[in-house]
Amino acid sequence: MSKKVVIIGGVAGGATAAVRLRRLDEFAEIIIIERGDYVSFANCGLPYYIGGVIKEKSKLQLVTPDTLNRRFNIDVRLNNEVISINKENKSVLVKERKKNEEYNLEYDNLILSPGAEPILPPFTGIEEVPTFSLRTIPDTFEIDEFITQNKPQHATVVGGGFIGLEMAENLRIRGLNVTVVELVDQVMINLDKEMAQFVHQELYLNDVDLVLGDGVDSFAKDAEGKAIVKTQSGKEILTDLIILAIGVKPESKLAKECGLDLGDRGHIFVNKNMRTSDEFIYAVGDAVQVTNLITNEPTAVPLAGPASKQGRIAADNITGRKSEYNGVLGAAVVKVFDITVAQVGLNEKNLKNSEIKFEKVYTYPVNHPGYYPNREKIAIKLLFEVPSGKILGVQAVGGKGTEKRVDIISTSIFFGGTVFDLELLEITYAPPFNNAKTPVNRLGYVASNMLKGDFDYWHWEEAEKIIEKNAYLLDVRREDEYVRGTIGNAVHINDLDLRKRIDEIPKDKEIYIFCEEGYRAYIAQRHLAQKGYKVKNLVGGYIFYKMSKATKEELKTRIAFN
C-alpha cells in the first residue's frame, strides 16, 4: 500500500524531501502545503535582486508547482496554510487562504519544513517608519518597489549578520548611502573580533558607515516626516528606509501546539533520522535542533545546505532506507564588496566558554604566487586542540579563492583531521590558482611547529603587558614597513641585516620578535634560538596586531590587503 506524505513548507528542506521521496517511491502520494506564493525560491539570492545583480524576477523561483507536478507527480498547494496538527488522527487542518475555506488532510507521514521567521522586536515607533525585513520573494519585491517609487537617499540596516551585510552592499550598488547598526561591537558574530576588523575595513572603504556596540532603542519621525533611528546611546540617524536584519527564530508554533518536543531555544527536537518525538512526524531545515559535530552539543544552523541534506535523509527514512544526519559544522560564506568571508567550526569565543584546551595560528598568504598577475591576500585564523592538533575551526577573509581554503579545512574537520594532516594534504597547484606551499599547507606547518615545540610564541593580545614590563621587542621588518608603525618601543633591525648586527641583541633578555606576517620573524627566531637567545615570535605578525586594535579612521585608510 502506497504512503501518503504531507509536507508543510517548501524551499530547500521541504522541496528536497518531496523530490527525493518521489525518486524512491513512485507510488507515494506527496502533497506540499505552502502558505506563500512560491514553493521553491532562492532565499540567498534575494539581496542581489534588490542590487540589480539578478535582473529577472523569474530567476528567483527555482522550480514551479507545475514543474513539480509534471515531472514528479507532486501535488503543490500554494496559499494553503496548516492551522493545526492532530497527531492522534494523523491529520492536519488546512486553510485555503484565498477562498478562506478549511479542510482536513490525513497523512501517513508528516514532514515539517516551516523554516524561520525574522526577529522583529517591538521597538517604539516601528509602525511610524518604513521598515522591511527580507525573507521571501514578496519581501524582495516590496523593498524594490519602495526604492523605485520613493527614491530614498539613505538606508539604515539593523543587524550586521549575513543578510544585513548583503543588503548593505546591494543598497550601495543601488546608489543609497548606508548605515549598519549592530548591538555588539562587530559585524558577523561568528567571526572573532580581530577577523571581523577586516570586514569592517571593507565596509568603510565602500562608504558604509558602522554604528557598533550600540543597538536600536526606538524609531520616530522628525518635523518633516523623515525617519529617525534612535540608538541606545542616544545617537539619532536620519534615514529614508530601514531594513531589519536582526536575525531569525524558528517557526515552531505548530510543533509546540501539537505537543512535539522542542529544544531550549524553541527549535523542534529531532533524532539522527530527522524524526521528531512523534514516530510519524519528521522535521527539517531552519526550525530543527541538530548536533554540533565538534562539541556534540545542540545547535541550529539556518542555512540551505543543511536543510537540503536533512530533507533527503527524512525522505530516506520514510521510505525504509536507514539514513542518519550526524550534525553540522556551520560552514558559511558571504561576499562583502570585493572580499570573501568564510568560516567553519568553532570560533575563539565558543572555545573560551568550553573545556577544550586550544591554540590558534594566523597566516596572511597570497592566493597565488606574487609573480602571477592580480594576486590577493587572505587573512586566515585556525583554531586547534592542544596537544592532539585536532582542527576545531577556521575563519578566512580575503580575495579570490578564500572559500576554497575553508572548504578544504571543513572537509578535514568532518573526517577528524589534525593540523599534522594539513601539512601533508595534496592540493592542486598552478600559478593562476595556488602556491606550491598552499595556504592550507602553511597553516599546517605553523600549527604543527607550534605543537612540536619548534618555536616559542606570543599573541597580539599580550602586547600591552609586554610593553608595560619594558620587555625587549625586536621588529625585523623592512624600513618602509617600520615607519608606518611598530609595537611599543621596538628595536628595528631588518631581518636581512640580522646576522651582521646580532651582537646588538642582548642575550640576557627574552626577545619578543615580530615581522609583518610572521614568516621572516620565524626565520630570525630559528637563527637566534640556535645561538642561545630566548626568543618568542608574534603569531601572525604585525598585521593582525594592527588590525585588532585599529580605529575606525585607521581602517578607512586600508591597513590590510595592500
Side-chain angles (χ1 to χ4, degrees), residues 160-162 183-197 199 247 249-250 262-267 269-272 288-303 305-306 325-333 341-363 379-397 405-422 440 443-444 446-448 450-453 457-462 465 539-540 544 548:
F162 284 79
L183 177 62
V184 299
D185 64 351
Q186 65 170 88
V187 300
M188 297 199 69
I189 195 65
N190 286 341
L191 298 180
D192 290 315
K193 174 68 180 293
E194 71 276 18
M195 296 302 291
Q197 284 279 75
V199 186
K249 59 183 179 180
L262 303 182
D264 293 340
R265 295 167 52 204
H267 295 87
F269 175 81
V270 292
N271 64 13
K272 288 186 176 183
V288 304
Q289 176 180 290
V290 291
T291 300
N292 183 293
L293 270 174
I294 300 173
T295 64
N296 290 316
E297 295 177 350
T299 188
V301 177
L303 295 171
Y325 186 76
N326 291 318
V328 295
L329 292 173
V333 63
V341 186
Q343 57 86 214
V344 67
L346 305 177
N347 58 37
E348 190 170 352
K349 294 187 286 281
N350 300 145
L351 288 166
K352 284 180 176 177
N353 291 321
S354 75
E355 296 181 358
I356 300 172
K357 186 178 180 182
F358 71 96
E359 230 345 315
K360 59 185 176 182
V361 296
Y362 301 92
T363 60
I380 311 177
K381 177 179 184 178
L382 182 77
L383 296 144
F384 54 94
E385 188 178 52
V386 175
S388 70
K390 179 182 176 183
I391 306 165
L392 301 172
V394 67
Q395 302 160 43
V397 184
R405 279 73 183 191
V406 171
D407 287 340
I408 292 170
I409 295 171
S410 179
T411 304
S412 299
I413 297 174
F414 185 84
F415 289 108
T418 69
V419 297
F420 306 109
D421 296 321
L422 298 187
V440 171
L443 285 166
V446 178
S448 297
M450 186 180 286
L451 290 174
K452 293 171 186 174
Y457 53 89
W458 61 289
H459 288 299
W460 58 263
E461 55 261 58
E462 300 174 58
K465 289 183 179 179
V539 180
F544 287 95
S548 70

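Quick note: numbers below take in every heavy atom, side chains included, and nothing from hydrogens, waters or symmetry partners.
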K.L.:
Establish, yes or no, whether a centroid distance under 6.0 Å links the rings of Tyr457 and His459.
P.N.:
yes

K.L.:
For a quick test of reading the model, state the closest non-hydrogen atom pair linking Val187 to Ala196 and the distance between them.
P.N.:
O-CB, 3.6 Å

K.L.:
Side chain to side chain contact (heavy atoms under 4.5 Å, CB included) for Leu346 and Asn292? Distances and angles first, verdict last.
P.N.:
CA-CA 9 Å; Leu346 305 177; Asn292 183 293; 3.9 Å; yes

K.L.:
Would you compute the distance between atom CD1 of Ile408 and atom CG of Leu422 and round it to the nearest 0.5 angstrom?
P.N.:
9.5 Å

K.L.:
What's the spacing between Glu348 CD and Asn353 CG if we round to 0.5 Å?
P.N.:
11.0 Å

K.L.:
Heavy atoms, side chains only, cut-off 4.5 Å: are Pro306 and Tyr325 in contact?
P.N.:
yes

K.L.:
Are Val341 and Val333 close enough, and set up right, to give a side chain to side chain contact (heavy atoms under 4.5 Å, CB included), and what steps lead you there?
P.N.:
CA-CA 6 Å; Val341 186; Val333 63; over 6 Å; no

K.L.:
What heavy-atom pair brings Ile391 and Ser412 nearest, and what distance separates the two atoms?
P.N.:
CD1-CB, 4.0 Å

K.L.:
Any carboxylate oxygen within less than 4.0 angstrom of a Lys/Arg side-chain nitrogen, looking at Lys390 and Glu359?
P.N.:
no

K.L.:
Name the residue from Val397, Thr363, Val440 that meets the side-chain contact (heavy atoms from CB on, under 4.5 Å) definition with Ile380.
P.N.:
Thr363

K.L.:
Val394 vs Leu383, test: side chain to side chain contact (heavy atoms under 4.5 Å, CB included). Steps then yes/no.
P.N.:
CA-CA 6 Å; Val394 67; Leu383 296 144; over 6 Å; no

K.L.:
Considering all heavy atoms of both residues, which atom of Glu194 and which atom of Ser548 are nearest to each other, and what is their separation?
P.N.:
CB-CB, 3.9 Å

K.L.:
Under 4.0 Å between a Lys/Arg side-chain N and an Asp/Glu carboxylate O for Glu385 and Lys357?
P.N.:
no

K.L.:
Looking just at side-chain N and O atoms, do Gln395 and Asn347 make a donor-acceptor pair shorter than 3.5 Å?
P.N.:
no

K.L.:
Check the surroundings of atom CZ in Phe414: do more than 12 heavy atoms from other residues, nucleotides or ligands lie under 6.0 Å from it?
P.N.:
no

K.L.:
Can you tell me how far apart OG1 (Thr291) and CG (Asn326) are? Round to the nearest 0.5 Å.
P.N.:
8.5 Å

K.L.:
More than 12 heavy atoms of other residues, nucleotides or ligands under 6.0 Å from CZ of Phe420: yes or no?
P.N.:
yes

K.L.:
State, to 0.1 Å, how close Val419 and Ser448 come at their nearest heavy-atom pair, and which atoms those are.
P.N.:
O-OG, 3.5 Å

K.L.:
Are there more than 12 heavy atoms of other residues, nucleotides or ligands under 6.0 Å from atom NZ of Lys193?
P.N.:
yes

K.L.:
Identify the heavy atoms of Leu293 and Asn296 that sit nearest to each other, and give their distance.
P.N.:
O-OD1, 4.2 Å

K.L.:
To the closest 0.5 Å, what do you measure between CG (Asn190) and CD (Gln343)?
P.N.:
4.5 Å

K.L.:
May I ask you to check whether over 12 heavy atoms, not counting those of Asp264, lie within 6.0 Å of atom CG?
P.N.:
no

K.L.:
Measure across Phe384 and Ala447 and return the closest heavy-atom pair with its distance rounded to 0.1 Å.
P.N.:
CE2-CB, 3.6 Å

K.L.:
Answer yes or no: is there a donor N or O on one side and an acceptor on the other, between the side chain of Ser410 and the main chain of Asp407, under 3.5 Å?
P.N.:
no

K.L.:
Distance from Asn350 atom CG to Leu392 atom CG, nearest 0.5 Å?
P.N.:
10.0 Å

K.L.:
Would you sort out whether Asp192 and Lys381 count as a side chain to side chain contact (heavy atoms under 4.5 Å, CB included), showing the intermediate values?
P.N.:
CA-CA 9 Å; Asp192 290 315; Lys381 177 179 184 178; 2.8 Å; yes

K.L.:
Quick one: CD1 on Ile413 to CG on Leu329, what's the gap to the nearest 0.5 Å?
P.N.:
6.0 Å

